[in-house]
Student: 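Take a look at this one; I'll ask things after.
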There are 2 protein chains.
Amino acid sequence: MNNHTESEENYIKALYHLGGDDVVASGALANRVGAKGPSATQAVRRLASKGLVEVIPYKGVKLTLDGLTLAKHILRKHRLWETFLVEKLGFGWEEVHPLAEQLEHIQSHELVEKLAEYLDSPVHDPHGDPIPQADGKIPPAIGKPLQQFSEGSTLKVVRVEDAGTDFFTQLDHLEISLGKEYTLISISSFDSSIQLNTESGESFWLSHSMSSNIYAIAL
Amino acid sequence: MNNHTESEENYIKALYHLGGDDVVASGALANRVGAKGPSATQAVRRLASKGLVEVIPYKGVKLTLDGLTLAKHILRKHRLWETFLVEKLGFGWEEVHPLAEQLEHIQSHELVEKLAEYLDSPVHDPHGDPIPQADGKIPPAIGKPLQQFSEGSTLKVVRVEDAGTDFFTQLDHLEISLGKEYTLISISSFDSSIQLNTESGESFWLSHSMSSNIYAIAL
DNA sequence: AAATAAATTTAGGCAAAGCTAAACCTTTGT
DNA sequence: ACAAAGGTTTAGCTTTGCCTAAATTTATTT
């Protein structure tokens with residue numbers, strides 16, 4: 001009961017990401033894992049038979065406690081590997097997600113814990129996202145989305161949501177990275193896009209979908 | 001044409017291990033990957049359709065040049081990961097094989113080369129086995145099997161064949177490890193088993209199957 | 001050289017995972 | 001309240017990869 005396929009783990013991950021331990025619609029799930037509806041229905045059934053999810057037909061799916069534990073454990077592995085790739089192997093933070101997606105499926109508790117130790121038991125990954133700990137606890141997430149700052153405030157970017165590659169390409173293009181400081185000039189009341197000033201005085205706009213994945217603290 | 005399943009890679013690995021680029025019987029192959037005859041036949045057919053092997057029906061299978069290249073690349077990954085696990089994470093040399101067997105399937109040239117660099121481009125893994133290089137060249141294997149030493153010679157263990165866990169359990173039990181020195185007392189003309197003396201004077205016997213996987217240099 | 005033994009391949013099944021098309025619930029709009 | 005729209009599940013098909021049993025080919029033995 002402790003050995004899962006890669007596909008199963010991907011569904012579990014998706015469920016966690018989409019809803020934590022809340023109910024998720026099978027369509028949304030299928031979408032997230034890049035499959036079609038029926039595949040998700042079927043997959044979810046397999047997961048249910050392993051006690052990892054609860055299904056309410058025509059309503060949605062929900063992680064059980066076991067499923068939740070597994071999800072957090074996979075996320076722990078993912079973020080530890082990302083940390084390793086960036087800090088030890090010198091990868092850029094924008095390249096590591098797809099690699100970690102492979103590495104997170106490696107099966108060995110001992111390996112995970114030795115890796116954590118080797119990295120000095122990190123609490124945040126290279127994107128600033130919290131790394132679930134061995135006991136299942138999740139460190140507090142740092143920063144607030146840019147929208148929640150008032151115009152004129154000075155802020156420091158401390159975290160970005162570990163999303164797709166195109167998101168990072170955009171970030172790189174705008175030369176946004178962790179630790180950088182900006183002044184928030186204005187928030188469009190029309191489409192919620194945000195205007196930032198860099199330290200060197202240049203100004204640029206961020207779409208809502210961009211800025212809502214960028215987290216900062218006030219200075 | 002560059003993307004292989006884990007199962008396929010396991011068959012390629014097995015072929016390389018069993019025969020290098022010589023013909024291997026399908027039964028032996030099945031045996032090595034822990035499958036039954038028909039599964040191997042089928043697998044081999046898939047590999048042939050990808051140009052990785054050549055099949056001579058009822059005779060055997062043989063790696064093509066592409067297959068050989070792939071095999072060496074997988075072995076490179078395997079041994080680099082083993083090196084990482086032992087040198088960086090502090091695993092014992094006897095524990096790393098099954099982990100490396102998972103890690104070797106991670107798909108990323110960049111990762112492999114960054115890992116190699118991080119480990120200072122090692123030429124031998126923790127068992128003393130040569131690590132195929134990025135260009136496909138294989139560093140010279142060091143040492144000779146214990147059988148090839150004459151009685152009375154003093155020798156140093158420099159390499160063991162990276163085999164199953166039980167082999168390492170045995171080695172550990174006998175407290176044999178890389179770098180240790182012994183005197184070869186005698187070779188049984190009956191069953192080729194070997195009698196060794198440790199530096200501290202204790203004496204013990206090694207079966208042929210054990211000693212033929214242990215390599216040493218003369219002192 | 002024929003018969004038997006051993007190895008290999010074919011035939012036919014099964015489970016995981018995916019797909020499309022069709023059927024079936026739920027929700028929503030009027 | 002009911003019909004259309006939208007989302008979900010069922011049905012049925014495909015591929016990978018493994019299995020057992022049966023047929024076939026190769027090797028061995030007398």
Side-chain angles (χ1 to χ4, degrees), chain A residues 1-19 22-63 67 70-71 74 101-102 104-107, chain B residues 1-16 18-19 22-63 67 70-71 74 101-102 104-105 107:
Chain A
M1 297 18 178
N2 203 9
N3 154 23
H4 318 284
T5 68
E6 220 162 293
S7 162
E8 281 169 354
E9 292 195 349
N10 285 335
Y11 279 98
I12 291 290
K13 245 192 354 173
L15 282 172
Y16 181 73
H17 188 98
L18 289 173
D22 291 345
V23 173
V24 170
S26 74
L29 178 59
N31 222 48
R32 188 100 213 302
V33 300
K36 297 302 170 63
S39 306
T41 302
Q42 219 182 227
V44 141
R45 233 190 282 254
R46 279 192 297 273
L47 293 175
S49 83
K50 296 195 174 187
L52 296 171
V53 303
E54 246 173 88
V55 189
I56 308 134
Y58 288 101
K59 289 295 173 185
V61 209
K62 193 173 111 91
L63 289 170
L70 176 57
I74 297 170
E101 213 136 62
Q102 295 186 63
E104 74 192 0
H105 298 295
I106 302 292
Q107 220 90 44
Chain B
M1 298 15 179
N2 202 8
N3 154 22
H4 317 285
T5 68
E6 220 163 292
S7 162
E8 280 169 355
E9 292 194 350
N10 285 334
Y11 279 98
I12 292 290
K13 247 192 352 173
L15 281 172
Y16 181 73
L18 289 172
D22 291 345
V23 173
V24 170
S26 74
L29 178 58
N31 221 48
R32 188 102 214 301
V33 300
K36 297 301 171 64
S39 306
T41 302
Q42 218 182 231
V44 141
R45 224 174 269 153
R46 279 190 298 269
L47 293 175
S49 82
K50 296 196 172 186
L52 296 172
V53 303
E54 246 173 85
V55 189
I56 308 133
Y58 288 100
K59 289 296 174 187
V61 208
K62 192 173 112 93
L63 288 171
L70 176 56
I74 298 170
E101 213 136 63
Q102 295 186 64
E104 75 193 358
H105 298 296
Q107 220 90 43

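The analysis underlying the following values was restricted to heavy atoms, covering all of them including side chains, and did not include hydrogens, waters or symmetry mates. Numbered from 1 within each chain, the chains take letters A, B, ... in sequence-line order.
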Student: Take nucleotides 9-19 of chain C nucleotide by nucleotide from the 5' end and write B, S or -, depending on whether a protein heavy atom sits under 4.0 Å from the base, only from the sugar-phosphate, or from neither.
Tutor: BB-----SBBB
Student: How about A/Glu8: does its CD atom have over 12 heavy atoms from other parts shown lying under 6.0 Å from it?
Tutor: yes
Student: From CG of B/Asn31 over to P of C/dA6, roughly how many Å is that when rounded to an integer?
Tutor: 16 Å
Student: Measure the distance from NE2 on B/His4 to P on D/dT16 and round it to the nearest whole Å.
Tutor: 15 Å
Student: Out of curiosity, B/Lys36 NZ to B/Asn31 CG, how far, rounded to the nearest 0.5 Å?
Tutor: 10.0 Å
Student: Which heavy-atom pair separates B/Glu101 from B/Lys13 by the least distance, and what is that distance?
Tutor: OE2-NZ, 3.0 Å
Student: Which pairs would a plain distance check flag for residues 38-49 of chain B, meaning a side-chain donor or acceptor within less than 3.5 Å of a matching protein atom at least two apart in sequence or in another chain?
Tutor:
residue	atom	partner	partner atom	Å
B/Thr41	OG1	B/Gly37	O	3.4
B/Ser49	OG	B/Arg46	O	2.8

Student: Between B/Leu29 (CG) and C/dA7 (C1'), how many Å, whole number?
Tutor: 14 Å
Student: Using only atom types and a distance under 3.5 Å, with no angle test, would you say the side chain of B/Gln102 pairs donor to acceptor with the backbone of A/Gln107?
Tutor: yes
